[in-house]
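Counting starts at 1 for both ligands and their atoms, following the listed order. Computation of the quantities below employed the complete heavy-atom set of this structure, encompassing side-chain atoms and omitting hydrogens, waters and symmetry-equivalent molecules.
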Amino acid sequence: RRKKEIVITGATGSVGSACLSVIRENPDIFRLRAVSGHHNLDLLESICREFKPDAVSVAEGTGGVFARRFNAENYHPLIFEGTDGLKKIASEYGDTVGRRSGGNAGKTVALANKESLVLAGKLIMETARRTGARILPMDSEHNAVYQALGSNRTEDIDHIILTSSGGPFLHKPQAEFSGITPQQAMKHPNWSMGKKISIDSATMMNKSLEVIEAAHLFSMPPEKIRVVIHPEVIIHSAVAMKDGSVLAQMGTSDMRIPAAYCLGGEERILSGVSPVNFWEMKHLTFLAPDILKFPTLRYAYDILKLPDSAAAVFNGANEELVSRFLAGSIPFTAIFDTLGALHRILTGPEQNNHALLFNINSVEDAVYANTLGVSFAAAL
Ligand code: NDP
Ligand code: MG
């Protein structure tokens with residue numbers, strides 16, 4: 001049969017590497033047509049040598065340098081750069097497009113990147129409906145919901161239960177938060193992930209963003225989305241149906257599983273991961289989230305009641321705070337303090353927030369709202 005043609009944006013990242021493993025596992029099913037990387041040109045080069053994609057997109061200004069790496073070969077990928085390069089590979093190559101894409105050519109998009117849905121969820125979902133594009137959620141919780149939902153209709157859902165590991169500081173007293181270093185915050189107990197999402201998991205902002213992501217993906221009102229702490233991270237999320245049945249998806253914490261589900265396009269293919277062994281699990285535990293210690297989690301519910309831009313402003317502020325914390329210029333607690341201040345302004349009297357709250361009708365609106373959040377965080 002004809003091989004499925006795949007484009008992976010962010011192929012040099014953690015999710016990208018999970019997708020590449022799945023392709024490696026199923027050489028008869030997939031052909032990697034195009035990839036993108038940003039700064040990690042060594043890894044991108046080795047990906048190109050292994051999979052021989054036809055096209056590659058790299059950071060603005062690095063295409064020439066990258067092309068020279070293949071001077072002495074008879075394999076020469078077409079090389080594109082920057083945002084235009086990403087658009088090019090996303091729209092012109094492949095049946096399935098990876099995350100970070102704006103690809104709307106009626107394609108199937110396996111989307112791990114939650115920030116894009118937080119920035120412009122309505123716009124993305126409307127565009128998908130209009131163009132016939134399919135969005136398959138690769139974020140493990142949303143992938144679990146999607147799998148559990150199966151052929152059931154969203155009207156039959158009573159509520160969605162998003163599970164969370166609780167992050168590295170689940171049991172750390174709040175009084176000790178001020179001394180937390182980026183190295184400590186990056187050590188996630190269950191998942192190995194990129195830097196930004198690891199910090200988001202430590203602040204629980206990740207789960208907050210995921211509540212917003214779920215609201216858009218499954219057209220759910222916020223009151224139908226619940227969060228439960230499940231430190232073993234075996235159940236990746238669940239759907240409670242109106243008849244009282246609860247359907248959950250289980251597996252080890254390995255992004256190759258959701259990646260395989262998305263790349264397979266609902267056809268089961270090999271991921272290289274074995275199913276969980278029930279005898280080894282011993283017990284699964286569940287706790288209510290501690291909203292006082294992690295107020296970040298609550299913010300999603302308030303934000304979803306505000307005009308669209310609130311989520312994008314919040315996301316921009318968080319991105320800026322995470323990068324400052326990673327650079328060592330602000331303490332861990334400053335992330336909570338600044339997001340708390342922004343939450344108070346967004347939910348406060350109209351004269352304080354009217355410039356921050358508006359409807360998002362274009363990608364430019366979403367980017368602008370995000371920039372407002374970045375500036376807010378940078379100013380404090
Ligand atoms: P990584 O930091 O590991 O990878 C990021 C990727 O994006 C790299 O390929 C990087 O290139 C590229 N990149 C970074 N900045 C830019 C830019 N400005 N322009 C173009 N490309 C860029 O992140 P993850 O793989 O962990 O996460 C990616 C997304 O998936 C995030 O949105 C995250 O929230 C989401 N996600 C991740 C999960 C995980 O388990 N890791 C789980 C669920 C969701 P290079 O390295 O070459 O510079
Ligand atoms: Mg997740």
- Message: Is it the case that ligand 1 has an N or O less than 3.5 angstrom from some N or O of V15?
- Response: yes

- Query: Does the side chain of H188 pick up a donor-acceptor pair with the side chain of S165 at under 3.5 Å?
  - Reply: yes

- Tell me which part of E115 gets within contact of ligand 1: side chain, backbone, both or neither, using heavy atoms under 4.0 Å. side chain

- Proximal heteroatom of E210 relative to the Mg ion (ligand 2) (N/O/S): OE2

- Message: Looking only at distances, can you tell me whether any N or O atom of G37, backbone or side chain, sits closer than 3.5 Å to an N or O atom of ligand 1?
- Response: no

- Near G10 (heavy-atom distance under 4.0 Å), the atoms of ligand 1 are 6 (C), 7 (O), 9 (O)

- Query: Under a 4.0 Å N-O cut-off, is there an ion pair linking E126 with R130?
  - Reply: no

- Message: If you measure every N or O of H38 against every N or O of ligand 1, does any of those distances drop under 3.5 Å?
- Response: yes

- Options I8, T12, N143, ranked by nearest heavy atom to atom 46 (O) of ligand 1, top entry: T12

- Message: Looking at D156 and K242, is any side-chain nitrogen of the basic one under 4.0 Å from a carboxylate oxygen of the acidic one?
- Response: yes

- Query: Do any N/O atoms on S140 end up under 3.5 angstrom from N/O atoms on ligand 1?
  - Reply: no

- May I ask you to check if K52 and Y75 form a cation-pi contact, with NZ or CZ under 6.0 angstrom from the six-membered ring centre and within 45° of the axis? yes

- Taking only heavy atoms of A112 into account, list the atoms of ligand 1 that are under 4.0 Å away from them. 30 (O), 35 (C), 36 (N), 44 (C)

- Could E141 and K207 be called an ion pair, given the rule that one side-chain N must be under 4.0 Å from one carboxylate O? yes

- Enumerate the atoms of ligand 1 whose separation from the nearest heavy atom of N113 is less than 4.0 angstrom. 32 (O)

- Task: Answer yes when K282 and E232 have at least one side-chain N-carboxylate O distance shorter than 4.0 Å, and no when they do not.
- Result: no

- Atoms in ligand 1 flagged as close to H39, the criterion being non-hydrogen separation under 4.0 Å: 45 (P), 47 (O), 48 (O)

- Which bit of I197 gets closer than 4.0 Å to ligand 1, counting heavy atoms only: side chain, backbone, both or neither? side chain

- Message: Check this for me - ligand 1, K195, N or O atoms closer than 3.5 angstrom, yes or no?
- Response: no

- N/O of N40 under 3.5 Å from N/O of ligand 1, yes or no? yes

- Message: Using 30° and 60° as the class boundaries, would you call the ring planes of H230 and F286 parallel, tilted or perpendicular?
- Response: parallel

- Once rounded to 10°, what is the value of the angle centred on the Mg ion (ligand 2) between D139 OD1 and E141 OE1? 100°

- CD/E350: more than 12 non-hydrogen atoms of other groups inside 6.0 Å: no

- Does K87 pair with E92 as a salt bridge, N-O distance under 4.0 Å? no

- Note on the structure: With heavy atoms and a 4.0 Å threshold, my read on which part of M255 contacts ligand 1 is side chain

- Salt bridge D200-K196, side-chain N to carboxylate O under 4.0 Å: yes

